[in-house]
Protein chains: 2
Amino acid sequence: MARVSFREQVLQAREEAIVSSVNRLLAQKGYDGMTVDEVAADVGIAKAVLYKHFPSKEALAAAAMVRVLDRAQARLAELAVSGMSAFERLQAVARWTLEVQLAGEMPSLPAQNSALRAALAADAGYMGKLLAVSEQLGEWITEAQARGDIDTAIPPEVVLYTLFARACDPVLGVLKASGAYTDERIVALLLATCFGGLQSRATATAARHPGRATRAAPAR
Amino acid sequence: MARVSFREQVLQAREEAIVSSVNRLLAQKGYDGMTVDEVAADVGIAKAVLYKHFPSKEALAAAAMVRVLDRAQARLAELAVSGMSAFERLQAVARWTLEVQLAGEMPSLPAQNSALRAALAADAGYMGKLLAVSEQLGEWITEAQARGDIDTAIPPEVVLYTLFARACDPVLGVLKASGAYTDERIVALLLATCFGGLQSRATATAARHPGRATRAAPAR
DNA sequence: GTCTATATAGCGATAGAC
DNA sequence: GTCTATCGCTATATAGAC
């Protein structure tokens, strides 16, 4: 039957608490900076207990990534029935990732760490979620391109990677640390640079006509 | 006198070899992934000798960063007398950083590592170079904005940070690893997304007229 | 089942031999 | 002056007490 014992509920609640701590610590200090002792102390349990739930530090990171992908999927599901255009949905997703980052809840993993990346690639749950999210976004990207809202000269997967990269763009942290901008303004600025680029619209339009060379190098 | 002994020349040459190795290893494995033993082995000297030249691993990283900033400064000096517009010079700088990254010669430091960041902030050579490069770029940015080539709604320092961030954009590594693009095309694509944004020009122009909401959120 | 205490290993940094 | 050998510390992971 589907009956879940009280004991199992307690265990699951603690697991959630662990993943939540890992998520925040990964956002604050990154993977290499986070220690397992710290996680145990933050959750309020002994390290040995932590290892009863998760077999390794890599598994902890994977669990945190799965949770953030779960949340992303939930946000995608909301947007799917929102009546927004594909382009607006993509912007809304980008905005959401920036807000998660501002809230200090976006786990950051090192770009290059062969052991960790191998562990993540071997995690079926992580890879499945990542694929599902990527496919949904890919659909919206091609739709936005078909409607003429996203530059068709950019391959869809490059658009996808660009959006993923913006979800952990260090510029947000720098702007936040400078203290010169409100959170709202930071989000607006980063969305503008991501979707609109640095170039002014006037220049971009003028560059469409041959004879001038001020436009950014075309994506051949 | 300015006479430099043969011995000192040898020491300086070795120092250059050390920094060169550190630079490449930082680009390959990142700061946390790089070990001092590895550096010594790569240079072909004993670790103790390494510590005669540089007092710590952090100092090694700082030296590598100073060297890359030196090279950036040299490139800026070339561009300053090139006859290009400010906007074109900024694009040329961005292109150069992408090419350095493609060549596997862009050292990558962790975004969050208090000890390392403190050491870098305390390094006068590093901070001086960083300031000099930033100021030169800042001049070009404001000039490009005055000429209407860069969006004036974006504060100059945000443009600066965006360019710095593109110099270590992980998207380049992903595209390179996919093997689906030539180096030239990768550079073209990343320059296009950075300066031109994801949005198509047609949509961007249409959005200038009120009544539609397809443009990226304006930078208020 | 939970915690204390420890095993094990890797890395930054150094002392001492030649 | 250069290298071998090692120290000391930290962090992941585990065994055994209660």
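Note on naming: letters A, B, ... go to the chains in the order of the sequence lines (proteins, then strands), and numbering restarts at 1 for each one. Everything numeric in this text was worked out from a predicted model, so none of it was measured.
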K.L.:
Of all of residues 17-52 of chain B, which get a heavy atom below 4.0 angstrom from DNA chain D, listed by number?
P.N.:
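Under 4.0 Å from DNA chain D: B/A46, B/A48, B/V49.
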K.L.:
Can you check the B/F54 CZ to C/dA13 P distance for me, whole Å?
P.N.:
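It is 13 Å, rounded to the nearest whole Å.
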K.L.:
List in chain and number order the residues that pass side chain to side chain contact (heavy atoms under 4.5 Å, CB included) with A/T182, two or more places apart in sequence or in another chain; answer none if no residue qualifies.
P.N.:
A/E184, A/R185
K.L.:
Rounded to the Å, how far apart are B/K57 NZ and C/dA13 C1'?
P.N.:
12 Å
K.L.:
With a 4.0 Å cut-off, would you call B/E88 and B/R95 a salt bridge?
P.N.:
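Salt bridge absent between B/E88 and B/R95.
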K.L.:
Through what angle, rounded to 10 degrees, does the axis of the helix from C/dG1-D/dC18 to C/dC18-D/dG1 turn between its ends, using five pairs per end?
P.N.:
30°
K.L.:
Could you tell me whether A/R166 and B/D169 make a salt bridge, using a distance below 4.0 angstrom between a side-chain N and a carboxylate O?
P.N.:
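Judged by the 4.0 Å cut-off on N to carboxylate O distance, A/R166 and B/D169 do form a salt bridge.
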K.L.:
State whether A/R14 places a side-chain N or O below 4.0 Å from either non-bridging phosphate oxygen (OP1 or OP2) of C/dG1.
P.N.:
no
K.L.:
Taking the six-membered ring of A/Y31 as reference, does the NZ or CZ atom of A/K57 fall below 6.0 Å from its centre and within a 45° cone about the axis?
P.N.:
yes
K.L.:
Counting distance only, does the side-chain N/O of A/S82 pair as donor-acceptor with the main-chain N or O of A/E78 below 3.5 Å?
P.N.:
no
K.L.:
For B/H53 and C/dT14, give me the distance from atom NE2 to atom P, rounded to whole Å.
P.N.:
16 Å
K.L.:
Looking at B/E99 and B/R75, is any side-chain nitrogen of the basic one under 4.0 Å from a carboxylate oxygen of the acidic one?
P.N.:
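No.
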K.L.:
Answer whether the closest heavy-atom distance between the side chains of B/F54 and B/E15 falls below 4.5 Å.
P.N.:
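Contact flag for B/F54/B/E15 side chains = yes.
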K.L.:
Between B/R67 and B/D70, does any NZ, NE, NH1 or NH2 come within less than 4.0 Å of an OD or OE carboxylate oxygen?
P.N.:
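B/R67 and B/D70: not salt-bridged.
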